[in-house]
Amino acid sequence: DVQLQASGGGLVQAGGSLRLSCAASGFISDNYAIGWFRQAPGKEREGVSCISRSGGSAHYADSVKGRFIISSDNAKNTIYLQMNSLKPEDAAVYYCAAGLYFQPHRCVEADGRYGMDYWGKGTQVTVSS
């Protein structure tokens with residue numbers, strides 16, 4: 001099994017930045033897509049950004065393009081989400097997730113969450129206006 005542990009959430013003013021981290025343990029091969037989802041109150045969980053563990057391009061939801069950056073440190077089995085220019089609408093619980101044989105670009109599609117096999121506990125991001 002794969003275990004995922006997200007951290008780094010908190011309270012930030014609009015326009016500020018946060019960096020989320022997700023540490024993976026267990027066997028996680030290069031065949032995984034790994035990334036970030038978020039869920040705001042009353043809304044469905046949506047894909048924010050994903051990347052293949054084997055490398056390759058990152059994929060982003062339109063709402064975060066140009067502001068968020070996903071990166072991976074395979075030596076540490078950790079992925080990061082650098083969130084810049086945060087907006088109140090970015091406030092949500094953020095989850096990291098991993099999907100075996102899942103194409104990273106599909107993470108940010110409407111049903112992307114169903115392709116993920118493992119989920120970490122979320123970390124709360126609050127953005128004050």
Using residues 59-72 as the side-chain source, report each donor-acceptor pair under 3.5 Å to any protein atom, sequence neighbours left out, with the distance given to one decimal.
residue, atom, partner, partner atom, Å
Tyr60, OH, Ile70, N, 2.9
Asp62, OD1, Lys65, NZ, 3.1
Ser63, OG, Arg38, NH2, 3.3
Arg67, NH1, Ser85, O, 2.9
Arg67, NH1, Asp90, OD2, 2.7
Arg67, NH2, Ser63, O, 2.8
Arg67, NH2, Asp90, OD1, 3.0
Arg67, NH2, Asp90, OD2, 3.3
Ser72, OG, Asn74, OD1, 2.8

Show every donor-acceptor pair shorter than 3.5 Å between a side-chain atom in residues 20-34 and any protein atom, with sequence neighbours excluded, or say none if there are none.
residue, atom, partner, partner atom, Å
Ser25, OG, Gln3, OE1, 3.2
Ser29, OG, Asn31, N, 3.2
Asp30, OD1, Arg53, NH1, 3.0

According to a hydrophobic-cluster definition based on side-chain heavy atoms being under 4.5 Å apart (Ile, Leu, Val, Met, Phe, Trp, Tyr only), do Val108 and Tyr94 belong together? no
Derivation and outcome, salt bridge (charged side-chain N to carboxylate O under 4.0 Å, His left out), residues Arg113 and Glu46: CA-CA 7 Å; Arg113 62 191 183 276; Glu46 62 176 357; over 6 Å; no
Please tell me whether Asn84 and Ser17 have a donor and an acceptor in their side chains that are separated by less than 3.5 angstrom. yes
Report all side-chain donor-acceptor pairs from residues 120-129 shorter than 3.5 Å, counting only partners two or more places apart or in another chain.
residue, atom, partner, partner atom, Å
Thr123, OG1, Gly9, N, 3.0
Gln124, NE2, Ala92, O, 3.4

If hydrophobic clusters are built by linking Ile, Leu, Val, Met, Phe, Trp and Tyr wherever their side-chain heavy atoms come under 4.5 Å apart, do Leu4 and Leu100 end up in the same one? yes
Quick one: which residue pairs count as a salt bridge (Lys or Arg N to Asp or Glu O under 4.0 Å) with a foot in residues 8-28, not counting sequence neighbours? none
Value for CZ (Arg106) from SG (Cys50), rounded to nearest 0.5 Å, stands at 11.5 Å
From Cys96 SG over to Trp36 CH2, what is the distance, rounded to the nearest 0.5 angstrom? 4.5 Å
What residues join Phe102 in its hydrophobic cluster, counting side-chain heavy atom gaps under 4.5 Å, either direct or through other members? Phe37, Val93, Tyr95, Met116, Trp119
Residue pairs passing the salt bridge (Lys or Arg N to Asp or Glu O under 4.0 Å) test where at least one lies in residues 91-100, sequence neighbours excluded: none
Counting only heavy atoms not in Glu89 (residues, nucleotides, ligands), do more than 12 fall under 6.0 Å from its CD? yes
